[in-house]
Structures are given as structure tokens and as C-alpha cells.
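Data block below; observations after.
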Number of protein chains: 2
Amino acid sequence: MDQVSFTERELDVMAVLWERGPCTVAEVREALVDDLAYTTVLTVLRTLETKGHVSHEEQGKAHRYTPLVAREAAGTSALRRIVDKIFGGSRELLLTNLVDGRGVDDEELRRLRAVLNQRLGDGGSAHDR
Amino acid sequence: MDQVSFTERELDVMAVLWERGPCTVAEVREALVDDLAYTTVLTVLRTLETKGHVSHEEQGKAHRYTPLVAREAAGTSALRRIVDKIFGGSRELLLTNLVDGRGVDDEELRRLRAVLNQRLGDGGSAHDR
DNA sequence: TACGTTCTACGATAACTCTAGTAGGAAGTC
DNA sequence: GACTTCCTACTAGAGTTATCGTAGAACGTA
């Protein structure tokens with residue numbers, strides 16, 4: 001149960017890997033919004049590898065990088081941090097903030113509610129899949 | 001609508017200010033879990049002030065620091081970042097993660113659902129209070 | 001008035017982050 | 001075989017973060 005955390009740029013890169021699956025340096029670079037030097041992207045990936053957040057395997061002469069940390073784990077860490085530090089431990093406050101403001105229509109609110117209903121329906125025990 | 005962001009330590013300090021309201025250096029130091037030197041805390045506060053996230057006023061010979069960034073604004077920034085980078089833009093995925101795992105009982109799930117219901121009941125227009 | 005306490009101001013240092021250049025290997029092309 | 005292209009390894013430098021020491025002002029007290 002270790003706390004995973006990423007710097008801003010590392011997170012950009014991880015986002016690409018989570019979204020697209022294993023990528024080469026060139027592919028990550030391509031996918032990034034900011035226009036970085038090839039070696040910059042490589043350096044970030046190597047840093048991530050040093051920290052144990054990604055691994056790589058040879059593919060031809062290039063390396064293909066795979067995320068070792070799942071989205072979910074990173075999300076759990078990040079959310080815990082936010083709930084604790086920003087919302088004083090209140091998930092309600094977080095949720096309020098999440099659905100506050102524009103961009104969240106009734107349709108989505110209902111989908112979110114469905115998530116909660118489903119979990120409530122679980123009976124609280126069936127937790128695995 | 002600027003993006004507010006804090007470093008780890010800055011966030012620790014902001015958390016204290018949000019929780020307790022305006023504080024002196026000594027009070028912040030007292031409230032922090034980690035045992036830091038007085039000057040360390042002072043430095044963090046001064047950094048935050050330089051960045052415009054807190055302000056201070058004299059009180060006797062000490063300074064009392066006040067947060068200029070509201071919890072909500074910091075939360076919105078942080079959540080946007082997480083939704084986008086970690087959950088691929090899906091609030092549903094975020095919510096699932098938020099209520100997944102232990103520590104969330106039915107009671108709380110119902111409270112969270114109430115948050116959504118209330119917003120749905122708003123009719124979508126009445127947004128202020 | 002001399003002393004201890006409580007503050008701020010300033011300076012400093014180590015570590016980390018971010019970015020990218022240069023060197024050199026491998027592989028295809030003419 | 002020389003040239004170009006793509007890729008990694010290594011190196012480097014500026015900027016930021018995190019932490020704290022020392023100096024010195026202000027104030028109460030013996």
C-alpha cells in the first residue's frame with residue numbers, strides 16, 4: 001500500500017501510457033501535448049523507470065515502456081491526498097466540488113448516482129470480481 | 001480561472017490554514033504532523049506569500065497568515081488535474097475509485113448519493129445559494 | 001540594564017525537476 | 001563504404017523545493 005506520486009511531467013507521460021498502453025519514446029512524444037525534445041521524453045521515462053513506475057523491453061532497436069503502476073493505484077493515492085489535505089477528510093465535500101460548476105449535466109449526475117446505487121446494492125460484501 | 005497548484009509541503013501548510021483559519025508561524029508549526037524547524041515553516045509561508053496564495057498582517061510582533069486561495073478553488077484545480085490525467089476525463093471512474101475500498105460504509109454512500117440527488121433536484125438552473 | 005524568549009530577515013545547501021545537447025551504435029540506402 | 005536516420009547513453013545546467021542556521025530586532029522581567 002505505498003503512496004505513489006508523480007511530478008507534473010511524469011504524470012503527463014504516465015497518462016499517455018495508461019491511455020495507449022506500452023509505448024516507445026517516439027510514441028509518447030507524439031502523444032504529448034507539449035512539444036518536447038526526444039531526449040527530454042526519454043529522460044522522463046528513464047526517471048520513471050528508476051523509480052519503478054514503468055519498465056521497458058527491447059523492441060527492435062527501440063525500447064517499449066510499460067506502466068507498472070495502475071491508473072487505479074495512482075488515483076487512489078491522489079484522491080486520498082486531496083480528500084485529506086484539501087477537503088479536510090470529507091468525501092462529500094469532494095463530490096460536491098466534483099459535480100459543481102458547468103460541464104456536468106443531469107445525464108452524468110444520474111450515471112454517477114448509478115455508481116453509488118450499484119455499490120449500495122452490492123450488499124457491502126461482494127467486492128471482488 | 002487560474003490553475004492553483006501546491007507542492008507537497010505547501011499543501012500541508014495550506015491544509016492547516018484552511019482548517020484553522022489565519023495562523024501565526026508558531027501555530028502552523030504546531031499543527032503540522034512533521035516536526036519542522038520554525039524557520040522552515042516560515043520559509044514555506046513566505047514562498048506561499050510570494051506566489052500570492054496567502055497574505056499576512058502584523059499582530060504584535062508576529063505575523064498572522066491568511067489563505068487567499070479557497071479550499072474550493074484548490075480542490076477544483078486538483079480534481080480537474082486528476083480527472084484529466086489519471087482517469088482519462090471520466091468522473092465516473094473517479095467516483096468509483098473514491099468509494100472503492102474500505103472506509104466507505106453504506107451510511108456514507110447514502111450521504112454521497114444525497115449530494116447528487118440534491119443537485120439533480122435543483123432543476124439544473126438554481127446554482128447559487 | 002543585562003538576559004532570555006520570540007520573532008522575522010537573510011543566506012545557504014542539498015536534492016530534485018525539467019529540459020535538452022552531444023556522442024555513438026545500428027541499420028538501411030545509394 | 002559513405003551518408004542518413006533513428007535510437008539509447010551520458011552529461012549538464014538552470015530552476016525549484018525543502019530544510020535549517022545565524023543575525024538581529026523587540027519585549028518582558030529580574
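Chain A is the first sequence line, chain B the second, and so forth, proteins listed ahead of strands; every chain is numbered from 1. All heavy atoms count here, side chains included; hydrogens, waters and symmetry mates do not.
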Rounded to whole Å, the CG-P distance (A/Leu45 to C/dA20) equals 15 Å
How is B/Thr7 classified with respect to the nucleic acid when contacts are heavy atoms under 4.0 Å: base, sugar-phosphate, or nothing? sugar-phosphate
Within the structure, does a side-chain N or O atom of A/Arg46 lie under 4.0 Å from either OP1 or OP2 of D/dT8? no
Whether B/Arg64 and B/Glu57 form a salt bridge (side-chain N of Lys/Arg under 4.0 Å from carboxylate O of Asp/Glu) is what I want to check. no
Tell me the interatomic distance from B/Asp34, atom CG, to D/dT19, atom C1', rounded to whole angstroms. 12 Å
On a plain distance test, is the side chain of A/Lys61 in donor-acceptor contact with the base of D/dC6 below 3.5 Å? yes
Salt-bridge present (B/Glu19, B/Arg71; N to O < 4.0 Å): yes
Rounded distance (Å) that lies between atom P of C/dC16 and atom CG of A/Leu11: 20 Å
Between the base of D/dC20 and the side chain of B/Thr43, is there any donor-acceptor pair under 3.5 Å? yes
Select one nucleotide: of C/dT8, D/dT8, C/dC18, the one nearest the side-chain heavy atoms of A/Arg9. C/dC18
Calculate the interatomic distance between B/Tyr65 atom OH and C/dC7 atom P; express it in whole Å. 12 Å
Tell me the interatomic distance from B/Arg64, atom CZ, to C/dT8, atom C1', rounded to whole angstroms. 16 Å
Go through D/dT8, D/dT17, C/dA20 for me and flag the one nearest to the A/Ala37 side chain. C/dA20
Are the charged groups of A/Arg91 and B/Glu108 less than 4.0 angstrom apart, N to O? yes
Strictly below 4.0 Å: does A/Tyr38 bring a side-chain N or O up to OP1 or OP2 of C/dT19? no
Go through C/dA9, C/dA20, D/dC20 for me and flag the one nearest to the B/Leu36 side chain. D/dC20
Exercise: do A/His63 and A/Glu58 side chains pair donor with acceptor under 3.5 Å: yes
Rounded to whole angstroms, how far apart are CG on A/Leu42 and P on C/dA20? 13 Å
Nearest-nucleotide wise, let me know which of B/His63 and A/Glu10 is further upstream toward the 5' end of DNA chain C. B/His63
Can you check the B/Glu8 CD to C/dT17 P distance for me, whole Å? 11 Å
For D/dC20, take OP1 and OP2 only and decide whether either is under 4.0 Å from a side-chain N or O of B/Thr39. no
Between A/Asp106 and B/Arg119, is there a salt bridge with N-O shorter than 4.0 Å? no
Between C/dT6 atom C1' and B/Gln59 atom CD, what is the distance in whole Å? 14 Å
